[in-house]
Amino acid sequence: MPLTPAQIPEFINAISAAINQHADEITELDQAIGDGDHLFNLQRGLEALQSHAAEIAALDWPAAWQKIGMTVMAAIGGASGSLYATLFIGLSKHGKDKPTDMRTFAEALQAAVAAVKQRGKADVGEKTMLDVWVPAAETLARAASSGKDLNAILDQVCAAADAGVESTRDMLATKGRASFLGERSKGHIDAGAKTAQLMIAAIARHIRQAA
Amino acid sequence: MPLTPAQIPEFINAISAAINQHADEITELDQAIGDGDHLFNLQRGLEALQSHAAEIAALDWPAAWQKIGMTVMAAIGGASGSLYATLFIGLSKHGKDKPTDMRTFAEALQAAVAAVKQRGKADVGEKTMLDVWVPAAETLARAASSGKDLNAILDQVCAAADAGVESTRDMLATKGRASFLGERSKGHIDAGAKTAQLMIAAIARHIRQAA
Amino acid sequence: MKKFIDSPGTLLDTSLQGFAKAHADIVEVRTQPNFVLRKQRKTGKVALISGGGSGHEPLHAGFVGYGMLDAACPGQVFTSPTPDQMLEAAAAVDGGAGVLFIVKNYAGDVMNFEMAAEMLDGPSATVLVDDDVSLPKDHPIGRRGVAGTTIVEKILGAAAEQGYDLAACKALGERVVRATASMGVALTSCTVPALGHPTFELGADEIEIGVGIHGERGRETGKLLSASEIVGRIAGHIQQELNPPSGQAVLLHVNGFGATPLLELHLVYELAWQYWRERGLNIQRSLVGNFTTSLDMAGCSLTLSLLDDEMLGLWDAPVNTAALRWGC
Amino acid sequence: MKKFIDSPGTLLDTSLQGFAKAHADIVEVRTQPNFVLRKQRKTGKVALISGGGSGHEPLHAGFVGYGMLDAACPGQVFTSPTPDQMLEAAAAVDGGAGVLFIVKNYAGDVMNFEMAAEMLDGPSATVLVDDDVSLPKDHPIGRRGVAGTTIVEKILGAAAEQGYDLAACKALGERVVRATASMGVALTSCTVPALGHPTFELGADEIEIGVGIHGERGRETGKLLSASEIVGRIAGHIQQELNPPSGQAVLLHVNGFGATPLLELHLVYELAWQYWRERGLNIQRSLVGNFTTSLDMAGCSLTLSLLDDEMLGLWDAPVNTAALRWGC
Ligand SMILES: Nc1ncnc2c1ncn2[C@@H]1O[C@H](COP(=O)(O)OP(=O)(O)O)[C@@H](O)[C@H]1O
Ligand SMILES: Nc1ncnc2c1ncn2[C@@H]1O[C@H](COP(=O)(O)OP(=O)(O)O)[C@@H](O)[C@H]1O
Ligand SMILES: [Mg+2]
Ligand SMILES: [Mg+2]
Ligand SMILES: [Mg+2]
Ligand SMILES: [Mg+2]
């Protein structure tokens with residue numbers, strides 16, 4: 001059952017539900033070592049996507065990713081806004097003229113995550129969303145190319161995302177606002193890493209249910 | 001034992017001690033229905049008087065009262081500053097060319113209190129220092145002209161001052177900052193009435209001890 | 001209490017020294033007694049002197065300069081200044097055309113300025129500002145002077161600069177006062193440095209309606225309302241007071257009490273603007289910001305001034321002070 | 001949370017409408033996407049565009065006008081604006097001589113302005129402001145841009161008005177940034193409207209040293225100090241950073257974070273002035289007030305800019321904006 005952009009509205013709803021369910025936790029995290037707006041930033045982005053969902057659902061994948069990227073770019077702001085815009089525009093660029101199977105998606109995701117690294121001048125180990133997106137994308141690529149079944153792939157990706165979030169707890173932040181706190185940034189997980197993991201988990205859950 | 005300006009430094013010290021002893025109470029009162037500065041205003045005035053005390057002690061009564069009036073006028077500010085300046089300048093004016101016995105002082109005080117009324121456009125019953133100064137001055141005049149002994153006079157004046165303070169408790173303030181509160185001004189005694197009573201009591205106590 | 005101070009006793013004097021240095025092109029500060037005067041003085045012009053307790057900055061010292069005040073007499077925090085300050089200020093700035101005292105209607109201010117006027121040798125007059133409509137018109141000591149003072153001082157400053165004589169300044173001042181009404185709301189109290197704690201406590205869902213500018217309680221403690229409701233409420237009192245005809249030209253002033261962000265003050269301005277536009281007013285001029293403050297109080301007031309052509313022209317005339325500057 | 005708002009979601013947009021009306025002689029506000037632009041535009045001049053999260057008012061919208069910015073892009077409270085705002089602003093104010101973005105060094109601001117610059121058709125350049133010396137020079141994402149931004153925007157605004165080209169504006173901007181250092185202290189946190197409670201809690205005897213302008217904690221929580229001690233402490237960091245030679249001409253800026261009264265800011269100015277006079281500096285210009293705020297945070301920062309004759313002349317050049325106005 002290949003995924004199509006027609007399912008995008010459901011994914012947006014699934015992600016929104018997950019984010020809203022963890023609203024207080026997200027805000028507490030971004031407040032502890034950031035500036036407390038991460039939840040609202042994502043919510044603004046998700047609302048904008050929801051209001052364009054029907055339009056997006058009618059596009060092909062590259063056009064859909066592009067539209068998603070431009071939508072969040074204009075709606076979110078902050079660090080996460082430009083990073084997610086970069087991620088989705090990256091998916092659009094790298095998914096063009098390719099079949100939309102899991103392997104090509106995994107490749108596109110890795111390329112898009114590389115673009116995010118470049119945009120953020122960051123990499124794993126700096127206490128950011130990249131500590132989730134990088135291992136998740138790598139795990140997806142590895143699992144997809146090894147021909148595992150869908151559920152196993154999803155389980156592995158989710159596990160990588162979970163581990164990624166947890167890894168940020170004791171890190172010294174060297175990127176993002178948390179880095180201003182120096183040593184005081186330790187002991188809290190990163191809000192952007194947490195929401196990346198929530199998104200990945202929500203999508204995985206939705207795919208499993210739909211399957 | 002006629003009082004002379006040489007005793008003024010002792011009176012100032014006695015008043016300062018009384019005010020400082022009731023510092024918190026005074027501030028609480030002026031805060032409840034005023035703006036909380038009455039204590040500091042009086043303290044500034046008393047400090048200024050202390051630093052001019054030796055000079056004042058060397059003057060005759062009218063000159064001493066005048067100097068006291070000008071000193072508090074420049075040091076206190078606020079409503080109480082102009083009112084006490086008016087009181088002391090009034091004592092100076094009305095004490096001129098008269099013997100300095102209790103009766104003439106009592107007359108001068110009544111005239112000075114009348115000047116305060118005029119300055120403040122106020123009278124008894126408006127929840128101000130006049131609720132102490134007016135009955136105290138009247139009682140002094142009555143007692144002094146009836147030829148009572150000094151202790152009896154002092155007792156009566158102090159009793160009038162005490163009753164005056166207490167009378168302000170249930171009054172509706174119609175003058176001073178407390179009047180802005182309307183009905184909310186009821187239930188608190190007036191800070192300026194309280195400090196007037198403290199001054200009168202301190203002077204009476206000092207005269208008794210000196211006698 | 002958390003404030004930038006070394007001690008409450010030195011705050012005012014040190015701050016005045018800093019003010020003098022930061023605005024050395026416009027003002028001078030004299031001490032013992034304290035007053036602020038403009039650097040460029042002018043003979044033959046009515047000298048405008050105001051003053052009041054400190055803690056309302058930029059009022060009044062921030063309004064000393066070309067086209068506004070000639071001198072300001074700062075008292076201790078929330079305490080009226082003393083007559084000797086006013087007399088020294090008058091001696092320094094009197095340009096031979098008399099002295100006009102602009103006094104906010106508080107017993108302490110009124111009495112101290114009155115004593116100064118009595119002791120002053122030359123001619124003087126006084127304009128009493130009593131724009132606070134949270135008190136009834138027949139209040140026994142009259143209404144308080146609050147944020148409308150800025151408008152009175154600006155318009156009179158321009159008039160004096162243009163050569164109005166003492167009587168004309170006084171008459172104009174009283175006209176502006178009559179045409180001006182204000183009302184304020186506090187979200188928090190403020191902390192007087194010498195006291196060290198807030199003057200009153202407000203619940204987390206309470207506001208104080210109809211406050212003055214000294215951190216004292218208002219006429220009424222109410223439940224927290226939305227900005228629209230608050231504006232409707234206080235604008236309603238002002239509207240009732242001034243009862244302006246449709247089409248009336250007005251100046252709308254939103255004044256912050258010190259701790260309310262500009263973001264909120266501009267929101268309040270927008271809501272007040274809508275309120276009065278719906279009532280047909282012609283909002284010709286505006287002033288939004290912290291001008292008549294109460295130390296660190298959160299809150300704001302609305303002031304409406306009905307403008308005639310003369311007042312409008314004087315409002316627009318050049319002014320060059322620390323806190324208000326345009327046209328020069 | 002007690003604020004003048006109807007809802008956190010409408011605060012910014014309504015406030016911008018109020019801002020537009022209150023300063024209709026100077027600015028226009030466009031919506032969807034939001035940006036503020038000056039009314040009188042000029043062709044052949046480098047267009048200066050800044051922006052950032054809201055909550056720092058008057059920065060940046062209050063600096064739009066003659067002699068300073070051409071446009072400002074306000075993001076949500078404490079959230080960087082988005083590239084579409086910058087692109088629309090650029091389209092509206094580009095006078096044919098290119099666009100200079102003035103960006104405070106925060107990841108979100110930097111990345112969003114970078115995306116806009118990438119998407120922009122015409123020539124553009126960026127000046128990054130990173131004046132906060134509470135962070136070490138080698139901080140992995142560089143130092144934050146704080147109150148020095150006002151100085152950079154004023155000087156560049158005058159330069160662009162005088163016809164400096166894009167490369168000259170960029171070079172000058174970077175020179176001003178290098179010559180400028182700031183450091184701030186918070187006495188309280190602030191309350192972001194969408195959050196509804198203070199971002200962090202400070203004890204009654206604690207201060208936060210080395211804070212940015214987003215209500216985030218600083219480098220260090222310390223015990224409450226006297227104003228002299230605080231000034232000595234933060235001025236010391238700035239002094240160490242800039243290490244100015246004796247006799248150096250400087251601009252000294254005391255910036256309030258929003259809830260600190262002018263009385264205290266002028267006291268801080270006096271103490272900072274004494275600090276640097278003792279070190280032989282020639283304090284030629286000053287700016288004291290709330291310019292780069294953090295909503296309702298109590299606190300302030302010191303900024304020192306080493307001035308050369310060119311910078312001094314540009315600082316003095318006429319400016320006519322909502323928040324800074326002189327010489328015109
Ligand atoms: N340079 C960066 N590279 C990657 N991720 C980053 C970077 N800077 C910040 N982030 C991520 O963005 C999150 C914060 O997003 P958000 O709160 O929406 O924006 P802001 O930091 O501008 O307030 C951080 O928790 C972190 O995961
Ligand atoms: N018009 C008046 N007539 C008489 N006494 C007054 C008047 N106004 C105020 N007072 C007295 O002055 C006291 C307040 O003095 P103070 O706090 O020093 O000055 P302020 O009211 O200016 O802050 C009041 O408690 C009251 O007793
Ligand atoms: Mg954030
Ligand atoms: Mg008082
Ligand atoms: Mg007082
Ligand atoms: Mg943010």
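All values reported here derive from a predicted model rather than from experimental measurement. Letters A, B, ... mirror the listed sequences (proteins, then strands); counts begin at 1.
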### Task
Count the heavy-atom pairs under 4.5 Å between each of C/E114, C/Q85, C/R144, C/R217 and chain B, then report the option with the highest count.
C/R144
### Message
Which atoms of C/E118 are under 4.5 Å from chain B, going by heavy atoms: the side chain, the backbone, both sets, or neither?
### Response
side chain
### Task
Dump the intermediate steps for side-chain contact (heavy atoms from CB on, under 4.5 Å) on B/M70 and C/D84, then the final yes or no.
CA-CA 9 Å; B/M70 296 306 284; C/D84 54 321; over 6 Å; no
#### Entry: Most chain C-contacting option - heavy-atom pairs closer than 4.5 Å, from B/G77, B/G182, B/A74
B/A74
### Query
Tell me, side chain or backbone of C/P193 under 4.5 Å from chain B's heavy atoms, or both, or neither?
neither
### Summary
Value for CZ (C/R143) from CZ (B/F180), rounded to nearest 0.5 Å, stands at 12.0 Å
#### Entry: Verdict with supporting geometry, C/M111 and B/T86, side-chain contact (heavy atoms from CB on, under 4.5 Å)
CA-CA 10 Å; C/M111 294 191 279; B/T86 302; over 6 Å; no
#### Entry: Option in C/V110, C/V77, C/L135 with maximal non-hydrogen atom pairs under 4.5 Å from chain B
C/L135
### Query
If you measure from CG on B/D35 to CZ on C/F78, what distance do you get to the nearest 0.5 Å?
8.0 Å
### Summary
CD of C/E216 to CD1 of B/I33, rounded to nearest 0.5 Å, is 12.0 Å
### Task
Below 4.5 Å from any heavy atom of chain B, which atoms of C/P81 appear? Answer side chain, backbone, both or neither.
backbone
### Query
Does C/N112 use its side chain to pair, donor to acceptor, with the backbone of B/G78 at less than 3.5 Å?
yes
### Query
Between B/S179 and chain C, which part of the residue has a heavy atom less than 4.5 Å away: side chain, backbone, both or neither?
both
### Query
With chain B, which of C/P83, C/P136, C/G212, C/G215 has the greatest number of heavy-atom pairs at distances under 4.5 Å?
C/P83
## Note on the structure
When rounded to the nearest 0.5 Å, the distance separating NE2 of C/H214 from CZ of B/R177 is 4.5 Å
### Message
Just so I understand: if I count every heavy-atom pair under 4.5 Å between each of C/A194, C/G75, C/A107 and chain B, which residue has the most?
### Response
C/A194
## Note on the structure
Note: vs chain C, highest number of non-hydrogen pairs under 4.5 angstrom among B/R119, B/Q31, B/E183 is B/R119
### Query
Of the non-hydrogen atoms in C/I141 and B/K175, which two are nearest, and what is the gap between them?
CG2-CD, 3.2 Å
### Task
Please answer whether the main-chain N or O of C/G218 pairs with a side-chain N or O of B/R184 as donor and acceptor at a distance below 3.5 Å.
yes
### Task
Please state whether the side chain, the backbone, both or neither of C/E220 comes within less than 4.5 Å of a heavy atom of chain B.
backbone
#### Entry: Selection from C/V211, C/D132, C/L195 maximising heavy-atom pairs under 4.5 Å formed with chain B
C/L195
### Summary
Turns out that what part of C/M119 lies under 4.5 Å from chain B's heavy atoms comes down to side chain
#### Entry: Under 4.5 Å from any heavy atom of chain B - which part of C/E208
side chain
### Query
chain B: which of C/T221, C/D109, C/V192 shares the most heavy-atom pairs with it under 4.5 Å?
C/T221
### Query
Between B/D37 and C/T79, what is the shortest heavy-atom contact and its length?
OD2-OG1, 2.5 Å
### Straight-line distance of C/S80 OG to B/N41 CG, nearest 0.5 Å
8.0 Å
